[in-house]
Amino acid sequence: MKHQVAEILSEVIDQFKQEGILEASFQPRVNVENTRDKSHGDFATNLAMMLTKIIGKPPREIADMIVARLPESEVIEKVEIAGPGFINFFVLDVAKFNVLPTILEAGDAFGECNVGQGRSVLVEYVSANPTGPLHVGHGRGAAYGASVASLLSKAGFQVSREYYVNDAGRQMDILAASTWLRYLQHCGEELTFPSNGYKGDYIFDIAQSLYEEKGDALRKSAQVVFEGVAKDETTNAAGETQGDKEKHIDGLIEQAKSLLGETHYRLVFEKALDVILGDIREDLAEFGVEFENWFSERSLMDSGVIDAALEKLQAAGKIYEKNGALWFKSSEYGDEKDRVVVRDNGLKTYFASDIAYHFNKLERGFDVLIDIWGSDHHGYVPRVKAAMQAMETNPDALEVLLVQFAVLYRGGEKLSMSTRSGQFVTLRELRDEVGADAARFFYVQRKSEQHMDFDLDLAKSKSNENPVYYIQYAHARICQVLSLAEERGYALDTEMGLANLSRLTLEPEADLATLLGKYPEIIARAAQVYEPHQIAYYLKELAHGLHAYYNSTQFIVEYEPLRNARLTLVVAVRQVLKNGLELLSVAAPEKM
RNA sequence: GCGCCCAUAGCUCAACUGGAUAGAGCAUCGCCCUUCUAAGGCGAGGGUUUCAGGUUCGAGUCCUGAUGGGCGUACCA
């Protein structure tokens with residue numbers, strides 16, 4: 001509908017060119033927008049104002065010139081010039097209802113568009129370290145990433161979803177060591193758990209399961225384990241700190257490796273990784289968050305991709321040596337300084353893995369790469385982009401979307417979170433407490449770059465305080481009305497309904513039709529700017545339209561043509577509500 | 001110190017990417033269930049869009065500066 005208006009306007013521009021009012025080469029951006037106020041019609045254009053400078057006449061005069069040249073249209077009822085020079089278009093009610101047969105025919109596919117033009121896109125999200133269960137902070141990235149991926153898929157992109165598993169590096173060694181120490185405690189060894197180890201309860205569970213499988217096979221005396229290890233950081237009564245928690249934990253990792261030997265150390269390591277990653281997968285699946293691919297960081301090392309990527313940078317002359325380490329010249333691409341990729345001890349940095357990972361993504365042939373990160377990683381963006389530029393001609397292939405932290409409140413109090421200390425609210429707890437639907441909706445309701453307050457009590461309340469139920473209720477209401485109609489022997493005759501749409505003359509009916517017509521446009525816009533919250537707001541608006549209609553009008557009336565027309569309208573609303581909710585992975589229940 | 005993000009009704013957030021009188025929900029106050037689900041509807045009050053400048057026909061939106069908050073500034077992952 002909107003582009004029909006835009007077409008009409010570009011015809012006028014051609015007319016202007018023929019008359020010599022505008023130069024033939026002139027290419028204006030024809031801007032047609034939905035009006036905010038119904039008294040301004042359905043669509044408005046600021047074209048007259050845009051042309052004031054070029055034509056050199058006041059906007060309202062130009063508006064007159066445009067209106068005088070508007071071609072005949074079957075959808076436009078009238079046109080008005082208003083305000084500083086807006087041209088408002090009023091759409092015929094009949095034309096508004098044209099969208100209904102389209103919706104019924106397209107069904108679940110209604111709203112899909114082709115802004116992606118089949119381009120392939122890799123969306124990488126969550127990618128939390130497998131060192132503990134997901135907490136509510138990860139939940140936002142999960143909900144946002146999943147919704148963005150769905151959105152892009154509806155908008156004509158070939159979407160792949162990927163989780164990057166950081167299954168290598170020091171954090172994982174700390175996890176393995178933590179698990180082993182808990183295991184030793186389980187065996188009956190007395191020891192003081194390192195202050196820098198992973199203290200969460202889930203480590204006990206893994207250790208116990210390890211003990212059940214292996215018995216005492218991995219047991220070493222605690223005395224031997226802690227022998228020669230640097231002292232842990234402690235604070236005495238006077239408040240003075242002593243020791244070094246980093247050296248302490250590193251020492252314990254070394255002990256674990258040498259005392260257990262490669263095979264047994266690996267066993268503990270894999271056990272912890274498997275259990276935690278399995279838990280994360282299950283957690284996300286229950287949250288409606290799926291991935292086609294779980295990409296292992298270790299596989300990068302094993303397959304030599306890291307070396308290949310570094311060689312590529314080296315060949316491009318972007319690697320140099322300083323102080324025994326290898327540096328990447330990221331500052332040449334706008335990063336604030338150069339970055340180390342291989343440390344002086346010969347170990348590759350995490351950044352080297354990440355360069356390789358993105359190198360690998362490009363090699364897999366994606367047109368667009370999207371990374372969804374927590375905002376605490378924002379400082380990391382320039383160096384990864386720098387690496388992309390050094391490797392690839394198109395730096396815009398990578399889009400990093402940052403998600404702000406969610407601050408959790410319960411009973412008006414802020415809850416803090418830290419995986420290391422084991423003090424956090426897990427995503428699973430959140431789902432148990434408020435339900436997956438409410439959680440998904442709450443997360444995705446906010447713009448991703450907006451700092452978010454997540455009030456657990458509010459999310460839990462199953463009242464109109466929670467918008468997700470408002471939308472689901474609209475869907476359920478429609479279902480109930482239809483089944484009641486059927487019970488009364490008034491089964492819906494869609495064909496008759498579509499043939500009688502002209503009987504829908506009430507204001508809420510036209511409003512609903514207008515809203516339904518906007519859905520595809522909302523999808524396209526939301527996809528272009530990666531903003532699934534626009535879907536959430538649209539659904540609230542559509543649900544409101546339905547509730548208002550429901551309260552003002554009886555659908556199941558005696559007169560058959562009118563009844564079927566109304567029920568057909570309502571069925572179309574139900575379809576769009578369902579499509580939108582599905583996009584956000586929120587259930588569309590038939591009764592509540 | 002430097003860099004990135006944010007600031008809109010009492011609270012939580014929108015505002016179609018520069019458009020018309022800045023909108024929703026919650027909270028507050030009225031009204032509407034012998035009717036297809038009241039988890040609903042209708043209405044009222046509530047604003048110097050943090051502040052000060054600038055750009056232009058037009059600014060919550062863009063630019064500069066200030067204030068307040070979040071985050072980042074590793075040869076950690």
*Scan Y380(A) against the nucleic acid and name what it touches under 4.0 Å (heavy atoms): base, sugar-phosphate only, or nothing.*
base

*May I ask you to evaluate whether K348(A) reaches the phosphate of A77(B), defined as a side-chain N or O under 4.0 Å from OP1 or OP2?*
no

_Mutual orientation of the aromatic rings belonging to F295(A) and Y357(A) [parallel < 30°, tilted 30-60°, perpendicular > 60°]_ = tilted

*Taking the P atom of each, how far is A77(B) from C13(B), in whole Å?*
35 Å

*asked:* Tell me which pairs pass side chain to side chain donor-acceptor pair (under 3.5 Å) where either residue lies in residues 557-571 of chain A, with sequence neighbours left out.
replied: Y490(A)-E558(A), R503(A)-Y559(A), E509(A)-R566(A)

_From OG1 (T45(A)) to CE (M50(A)), nearest 0.5 Å_ = 8.0 Å

*Across the strands shown, which category fits V341(A) at heavy-atom distances under 4.0 angstrom: base, sugar-phosphate, nothing?*
nothing

*Which nucleotide sits closest to the side chain of Y550(A): A77(B), U37(B), G41(B)?*
U37(B)

*Mind telling me if C33(B) is syn or anti? Syn here is a glycosidic angle within 90° of 0.*
syn

*K591(A) near the nucleic acid: base, sugar-phosphate alone, or nothing, with a heavy-atom cut-off under 4.0 Å?*
base

*A14(B) and G58(B), which share atom name P, separated by this distance in whole Å*: 29 Å

*Heavy-atom distance under 4.5 Å between the side chains of M301(A) and S353(A), does that happen here?*
yes

*asked:* Can you measure I55(A) atom CD1 to C57(B) atom C1' for me and round it to whole angstrom units?
replied: 15 Å

*asked:* Taking the P atom in each of U21(B) and U49(B), what is the distance between them to the nearest angstrom?
replied: 14 Å

*Whole-Å distance separating the NE2 atom of H544(A) from the P atom of C26(B)*: 10 Å

*Using purine N1 to pyrimidine N3 plus N6-O4 or O6-N4 for Watson-Crick, or N1-O2 and O6-N3 for G-U wobble, both under 3.5 Å, which nucleotide pairs with G46(B)?*
none

*Which part of the nucleic acid does E486(A) contact within heavy-atom distance under 4.0 Å: base, sugar-phosphate only, or nothing?*
nothing

*Using purine N1 to pyrimidine N3 plus N6-O4 or O6-N4 for Watson-Crick, or N1-O2 and O6-N3 for G-U wobble, each under 3.5 Å, what pairs with G72(B)?*
C2(B)

*Is a side-chain donor or acceptor of Q480(A) paired with a backbone partner of E590(A) at a separation under 3.5 angstrom?*
yes

*Could you please name the option among C42(B), U17(B), A38(B) that lies closest to any side-chain atom of Y473(A)?*
A38(B)

*Where the side chain of K337(A) is concerned, which of C36(B), A74(B), U37(B) is the nearest nucleotide?*
A74(B)

*P-based separation of U37(B) from A27(B) [nearest Å]*: 25 Å

*Is there a donor-acceptor pair closer than 3.5 Å between any side-chain N or O of D167(A) and the backbone N or O of R298(A)?*
yes

*Can you name the ring-ring contact (aromatic ring centres under 6.0 Å, His included) partners of F90(A), sequence neighbours left out?*
none

_Between C6(B) and C42(B), how far apart are the two C1' atoms, rounded to whole Å?_
37 Å

_Sugar-phosphate, base or nothing in reach of N323(A), heavy atoms under 4.0 Å_ = base

_Residues that N129(A) engages under side-chain contact (heavy atoms from CB on, under 4.5 Å), provided they are two or more places apart_ = T131(A), N166(A), Q171(A)

*Taking the P atom of each, how far is G3(B) from U64(B), in whole Å?*
11 Å

*Which part of the nucleic acid, if any, lies within contact of L484(A), taking any heavy atom under 4.0 Å across all strands shown: a base, the sugar-phosphate backbone alone, or nothing?*
sugar-phosphate

*Sequence neighbours excluded, which residues qualify as side-chain contact (heavy atoms from CB on, under 4.5 Å) partners of R339(A)?*
S330(A), D335(A), E336(A), K337(A), F351(A), R383(A)

*Short side-chain to backbone donor-acceptor contact, H358(A) and D354(A), under 3.5 Å*: yes

*When the P atoms of G25(B) and G41(B) are considered, how many whole Å apart are they?*
8 Å

*asked:* Counting the atoms with a prime plus P, OP1 and OP2 as sugar-phosphate, which does K447(A) contact under 4.0 Å by heavy atoms, base, sugar-phosphate, or nothing?
replied: sugar-phosphate

*Under-4.0 Å side-chain N/O to phosphate OP1/OP2 contact, Y470(A) with G41(B)*: yes

*Within the structure shown, what part of the strands sits under 4.0 Å from T52(A) by heavy-atom distance: base, sugar-phosphate, or nothing?*
nothing

_Y519(A) and Y538(A) aromatic centres sub-6.0 Å_ = yes

*When all nucleic acid strands are considered with a 4.0 Å heavy-atom cut-off, which category describes A476(A): base, sugar-phosphate, or nothing?*
base

*Answer yes if the ring centres of H138(A) and H135(A) are under 6.0 angstrom apart, and no otherwise.*
yes

*Closest nucleotide among U37(B), C16(B), C36(B) to the R525(A) side chain*: C16(B)

*asked:* Just the rounded figure in Å: distance from P of G58(B) to CZ of R60(A).
replied: 17 Å

*Nearest of C36(B), U12(B), G40(B) to any side-chain atom of R446(A)?*
U12(B)

Protein-nucleotides 18-21 of chain B N/O pairs closer than 3.5 Å?
residue: G19(B); atom: N7; partner: N46(A); partner atom: ND2; Å: 2.9
residue: A20(B); atom: OP2; partner: R36(A); partner atom: NH2; Å: 3.4
residue: A20(B); atom: N6; partner: N88(A); partner atom: OD1; Å: 2.6
residue: A20(B); atom: N1; partner: N88(A); partner atom: OD1; Å: 3.1
residue: A20(B); atom: N1; partner: N88(A); partner atom: ND2; Å: 3.1

So which protein nitrogen or oxygen atoms get under 3.5 Å of nucleotides 2-8 of chain B's nitrogens or oxygens?
residue: G3(B); atom: N2; partner: H378(A); partner atom: NE2; Å: 2.6
residue: C5(B); atom: O2'; partner: Q404(A); partner atom: NE2; Å: 2.9

_Syn or anti for U8(B) (syn when the glycosidic angle lies within 90° of 0)_ = anti

*asked:* The side chain of H547(A) is closest to which nucleotide in this list: G40(B), C57(B), U37(B)?
replied: G40(B)

*Among the candidates G72(B), U12(B), U37(B), find the nucleotide nearest to the side-chain atoms of D376(A).*
G72(B)

